2 protein chains.
Amino acid sequence: MSTIGDVAKQAGVSRSTVSYALSGKRAISDETRTRIEAAINELGFTPNAGARALKTAQTMVLGLLLQFHPDEFAPAMLQYVLPVSEAAREEGYDILMVTDPDGPRGIRRIADSDMVDGIVLLDVTAQDPRLDALRATRKPAALIGLPRDTAGLDVIDLDFGEAARILVDHLQELGHREIVLICPPHHVVERGGSYVWRFRDSAIERAARYGLQIHPYYGESRQPAIRHSVDAILDAHPKATALVVHNDATIAALPAILRERGVDVPTDLSVVSLYSRDFGEEFSLPFTAVESAADVLGRSAVTQLVRRITRSPDAGAPVVRFVPPVLTDRGSTQHPRR
Amino acid sequence: MSTIGDVAKQAGVSRSTVSYALSGKRAISDETRTRIEAAINELGFTPNAGARALKTAQTMVLGLLLQFHPDEFAPAMLQYVLPVSEAAREEGYDILMVTDPDGPRGIRRIADSDMVDGIVLLDVTAQDPRLDALRATRKPAALIGLPRDTAGLDVIDLDFGEAARILVDHLQELGHREIVLICPPHHVVERGGSYVWRFRDSAIERAARYGLQIHPYYGESRQPAIRHSVDAILDAHPKATALVVHNDATIAALPAILRERGVDVPTDLSVVSLYSRDFGEEFSLPFTAVESAADVLGRSAVTQLVRRITRSPDAGAPVVRFVPPVLTDRGSTQHPRR
DNA sequence: CCTCATCGTCGAACCGGTTCGAAAGCCGTG
DNA sequence: CACGGCTTTCGAACCGGTTCGACGATGAGG
């Protein structure tokens, strides 16, 4: 690879002149600029990222931390990765993806060695052990997922409470009086996934307010447990006229399960859920649902992070943003027959 | 952040001594080593990656290039990403993930600016436009997927031809005489996904050799087209006793489709397929299948790449490796009733 | 006792950019 | 004609590491 010195020699100017021609931070005469550009093309010069980062103290790279939990629905993660990567690129950043099972160590490694200008944390839990490491480094960060203590952190997440209220309201308006709620698996709660209880509590609270009967359950994440659990739950509540599913694995398996049981949607049962548009298309899910909008969250986290990086170091108070959910009606609900 | 100079001052030695204590490339007395270690701990020093990369001309980062094709089964990609990332970390490398829709540009950007020491290309097609860019940079690379021209490149892929032969052999041994073959969608062929015709041609060739009737089709990637296409195909061949499916989206939807048609596996129809173990577990697919072994391919690509990076520049001829497929019998086949 | 090898450490150069201060050349003006 | 100001370019310092050659101290061998 050629260096800026090679270009300078070729164009008959000094290294600094080439640098200024490239950055535009000082005026360069048209004549020398064209000579420099010619030299750059001829030599195929591209500035060395390491050297530039060393001097400017900016790497133009963002860290993306993800953790894969065994026994969890993996495709969901990808929903976030792609929008984050695309948004970063649009802002001029590349993505250093860290999947170290030891999250805090991964953060320290890329932050303390200044490999990245900022960090996006995916799937943040209530007491996420990564947050201590994150606060110890002085790097800007944006979280997707709500921790218990948000002090000093930029956080973005779907408003799961509002999502639950929207769905319960929708069923209540249609006249349903007894509904079943299937949440994510219980081990997600244990891990501290706050979206589980934020959705769950709001749904229960909202149902109580309307005087609706609601039967909350934690679902499963793998077949054949999903099928068995759904069967048992539906058997236990023959009078329920509506089903709220907040569980990707369950909703993906639901069409087959209901078909087998001979249950028609929405004639026999109204079904509402919460999943992303992509996910729904992937599995052609025919359910009225609130969109989880992973792309909105991913992009928003990146823009917030970039703002934090560029606008002075600590300018502005930390931002906790809850994205308002949107209902997409796919016709999987109607008035209860009874 | 503190620098190596701060550590040196704190420990009362020169910068070079600290560097040697860290790298172990020269002997350091126990006495000063402990003093240096104390200083490092006290100051929380971590070497700056950019500075180190600048001098050593090694970034300890691998580029991972992926492209998302609309209308394609996205989860498949993740199967490779995680093993690649884990294998890289075990070798001491981090992963710079590039999802630029313009592949060649992404390669040039990270390679010419020396952000990475080597590149892993995912989902390589027969005439992949990224290969020219790759050859232009002098960076080592490893491809997953078989291009038409492998000159000078390290390539690894599943032996799809052998996979097809294994499956056809399996059915032939059981006594099947008429089988249906569902391949990936036709637009994958147009894009140059060589694994389509490598599997397809081998299956047809093998069937012909045994005198079996085989009906090859290109499948769909999205519902409800999948369902319609499978229905039409099965209707067209009522005498076929076995089904070979080389199509993730189709195989995922197949249990529901067959149940609806009232077709029992394996009593009415023997089914074999090709998918990864994870994928099968995710969707609890009950089919005898050849494993696509994305983890093996991903890890193998990384180890080959690292070998190429560390062992001198161009030591050793390029390697094209076909991973032998393995059949997992899940009991979805039996002797045809007729 | 002198020489020589070895050990442990230091200073300086270097990697490839960026950026600051200054200098050279040119113009218009008093 | 001297002077000030503007434009364009250069040289040098710097970012934070690594590495080479050298140097003083120590100990062994003749």
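Just so we're on the same page: letters track the sequence lines, and every chain starts at 1. Keep in mind it's a predicted model, so treat the numbers as computed, not measured.
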Counting any heavy atom closer than 4.0 Å, what does [X] reach on the DNA or RNA strands: base, sugar-phosphate only, or nothing?
{"X": "Ser19(A)", "value": "base"}
{"X": "Thr32(B)", "value": "sugar-phosphate"}
{"X": "Ser16(A)", "value": "base"}

For the side chain of [X], starting at C-beta, report the closest nucleotide among [options].
{"X": "Asn48(A)", "options": "dC10(D), dG17(C), dG17(D)", "answer": "dG17(C)"}
{"X": "Thr56(B)", "options": "dG17(D), dT18(D), dC15(D)", "answer": "dT18(D)"}
{"X": "Lys55(A)", "options": "dA12(D), dT18(D), dC15(D)", "answer": "dC15(D)"}
{"X": "Thr3(A)", "options": "dG16(C), dT9(C), dA12(C)", "answer": "dG16(C)"}
{"X": "Ala27(B)", "options": "dG17(D), dG8(C), dG16(D)", "answer": "dG8(C)"}

Requested in this report: Could you tell me whether the side chain of Tyr20(B) has a donor or acceptor atom within less than 3.5 Å of a complementary atom in the base of dC20(D)?
Outcome: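 Such a pair is found, so the answer is yes.
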Query - base_contact_polar (dG17(D) base, Arg15(B) side chain, donor-acceptor, <3.5 Å) - result: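 Counting by modelled atom types and ignoring angles, a donor-acceptor contact under 3.5 Å is found here.
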Requested in this report: Take atom CE of Met115(A) and atom P of dC15(D), then tell me their distance rounded to the nearest Å.
Outcome: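 From Met115(A) CE to dC15(D) P: 22 Å.
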Report task. Please figure out whether Asp30(B) or Phe45(A) has its closest DNA chain C nucleotide nearer the 5' end. Result ->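 Here Asp30(B) is the residue nearer the 5' end.
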Charged N to carboxylate O below 4.0 Å: is that the case for [X] and [Y]?
{"X": "Asp94(A)", "Y": "Arg109(B)", "result": "yes"}
{"X": "Arg148(B)", "Y": "Asp128(B)", "result": "no"}
{"X": "Arg15(B)", "Y": "Asp6(B)", "result": "no"}

Query raised in the report: Quick one: is Arg26(B) getting a side-chain N or O under 4.0 Å of the dT19(D) phosphate, OP1 or OP2?
Result: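 Answer no for this pair, as no side-chain N or O of Arg26(B) is under 4.0 Å from OP1 or OP2.
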Requested in this report: Report yes if a side-chain nitrogen or oxygen of Ser14(A) is closer than 4.0 Å to either non-bridging phosphate oxygen (OP1 or OP2) of dT9(D); otherwise report no.
Outcome: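 So the side-chain polar atoms of Ser14(A) never come under 4.0 Å of the phosphate oxygens OP1 or OP2 of dT9(D).
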Query raised in the report: Are the side chains of Arg321(A) and Val155(A) in touch, meaning some heavy atoms are under 4.5 Å apart?
Result: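 Answer no - side chains too far apart.
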